[in-house]
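Given the structure is predicted, the values throughout are model-derived calculations rather than measurements. Every number for a ligand or one of its atoms is a count from 1 in the order of the listing.
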Amino acid sequence: MVKIAVLGFGTVGSGVVEVIRTNSESISRKAGKKIDIKYILDIRDFPDSPERHLLTKNIDDILNDDEVSIVVEVMGGLDPAYTFTKRALLAGKHVVTSNKELVATHGAELLGIAKEKNINYLFEASVGGGIPIIRPLNQCLAANEITEIEGILNGTTNYILTQMIKKGKTFQNALQDAQEKGYAERNPAADVEGHDACRKIAILSSLTFGCHIDSNKIHTEGITKISLEDVEYAEAMSSVIKLLGFSKKIGDKIIARVSPMIISKEHPLAGVEDVFNAILVKGNAIGDVMFYGRGAGKLPTASAVVADIIDIVKNIDRNSRMIWSTCEEEVLIDIGETTSSYFVRVKTDNKPAVMELITKVLGDCNFISIQNPKTQDEVAFVTPEKKEKELQTALNDINNHSFVNTVYSVIRVKNE
Ligand code: NDP
Ligand code: HSE
């Protein structure tokens, strides 16, 4: 029998308990031992829960109990999750988590402690909810040099964009739905401003490139500026708008970013809708491989957490090696040096003058129009491939002309 403690009895924590209870027989068979939940730590009381006899508010009950060999941290946030995790690892207890903020920030240190203690710190649920991605990268694709990762890494924003595109819902209504379904972070700004996807691409990049990529240094844009008109323009281009995390190895450097992208409906990520996530990985032996599934929600996330628990029970006496050290030098390429095409809208009273100016400053652009009265006083276009810093200089130049009112809605366009 292996005894575990669950820290946090919210969406994911209650899902973990439910999955262990519901599938207890098959889980024990696969793990080779029965898994018994000895404690649940939460600051709240759950007087009506059938699990209330397991509840504690004191972390020391868990850390001082030698019978507990696995701690499941599903509280979220940095503190006290970091302190509890570190203390648990130092006490020789394996830790499983879904907390990407903690993994992205302190992953290298916590994995280092786990290695030293010959135990495990596993975090399959921290990226892509229920989708297996961390273990495939570390095991099934271990023979490859991973050169590129691109994906829809946030369920909440993908749900919001899908509702805006398919149902014409407003941003606020779609966000409220996602919160009610348990997809959103406690502070939904983490989702809609792109920080959650940024932490996930930082985790994937750190694992695949073997050294810590600081999520604070990754260029990150969310979806708060995306309007229904932008969605209509994308439709006119036979495309959709998706929030994508991207990471690519170029020599010994890395490009990493999170931003909305306009992608063709033909692209494999275009059809990924609602709470689903998908991650495209390029390996030098396998070529392209795509992972797809539910990226958030109680039971899908619990599925990944419980799989980590089973993995630990099967390997209780050894550390599964994960390479994530600190980087010797800065590996991230400055966003200004990276290249893309861009969709841009310019408000103006003089369309012919603006079109002439744009062609002069940016080269041959593809002008697009839609039948929407709200867009009558604007010119919209897609630029040729440009370095970001060149685009910024050009847009500043365009903005300085008296016949230009504002330049806005600058969205990257994926050409391949
Ligand atoms: P919830 O807010 O639903 O659950 C967290 C629980 O932990 C709450 O009951 C909370 O209580 C409790 N808690 C918070 N601080 C403490 C503390 N100091 N001591 C004891 N209990 C505490 O969050 P989720 O379950 O949605 O998310 C948990 C983690 O999993 C987060 O890191 C999240 O990013 C991640 N995750 C979430 C997914 C999802 O779909 N929801 C998917 C993948 C990962 P209270 O509410 O009173 O603060
Ligand atoms: N808020 C996150 C999302 C939860 O919507 O993707 C899963 O990590």
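Heavy-atom proximity to Gly10, at under 4.0 Å, picks out these atoms of ligand 1: 3 (O), 4 (O), 6 (C), 9 (O), 25 (O). Numbered from 1 in the order shown, with element, the atoms of ligand 1 that lie under 4.0 Å from a heavy atom of Ala296 read 40 (O). In summary, the atoms of ligand 1 found under 4.0 Å from a heavy atom of Gly8, numbered by their order in the structure, are 6 (C), 7 (O). Each of the following atoms of ligand 1 lies closer than 4.0 Å to a heavy atom of Gly182: 39 (C), 40 (O), 41 (N).
At a heavy-atom cutoff of 4.0 Å, ligand 1 is contacted by both the backbone and the side chain of Asp42.
In this structure, Lys242 does not pair ionically with Glu150, as no charged nitrogen and carboxylate oxygen lie closer than 4.0 Å.
By the 30° and 60° cut-offs, the orientation of the rings of Trp324 relative to His212 is parallel.
In terms of protein heavy-atom proximity, atom 10 (C) of ligand 1 is closest to Arg186 NH2, 3.7 Å. Among all protein heavy atoms, the one lying closest to atom 5 (O) of ligand 2 is Thr156 OG1, 2.6 Å. Atom 28 (C) of ligand 1 has as its closest protein heavy atom Val74 O, 3.2 Å. Taking atom 33 (C) of ligand 1 as the reference point, the nearest protein heavy-atom neighbour is Glu185 OE1, 3.6 Å. Protein heavy atom nearest atom 30 (O) of ligand 1, with residue, atom name and distance: Ser98 OG, 2.7 Å. Counting only heavy atoms of the protein, atom 40 (O) of ligand 1 lies nearest to Gly297 N, 2.6 Å. Among protein heavy atoms, the minimum distance from atom 31 (C) of ligand 1 is reached at Gly76 CA, 3.5 Å. Here the protein heavy atom with the shortest distance to atom 26 (O) of ligand 1 is Thr11 CB, 3.6 Å.
Close N/O approach between Ser126 and ligand 2 is not found [any backbone or side-chain N/O within under 3.5 Å]. Geometrically, ligand 1 and Gly295 share no nitrogen or oxygen pair separated by less than 3.5 Å.
Put simply, atom 23 (O) of ligand 1 has no protein non-hydrogen atoms near it, under 4.0 Å away.
Checking side-chain atoms of Thr406 against main-chain N and O of Tyr408 turns up no donor-acceptor pair under 3.5 Å.
When the heavy-atom distances from atom 6 (O) of ligand 2 to Ala184, Ala296, Gly155 are ranked, the shortest goes to Gly155.
At least one heavy atom of Gly295 lies less than 4.0 angstrom from ligand 2.
Side-chain polar atoms of Thr393 and Asn396 form no donor-acceptor pair below 3.5 angstrom.
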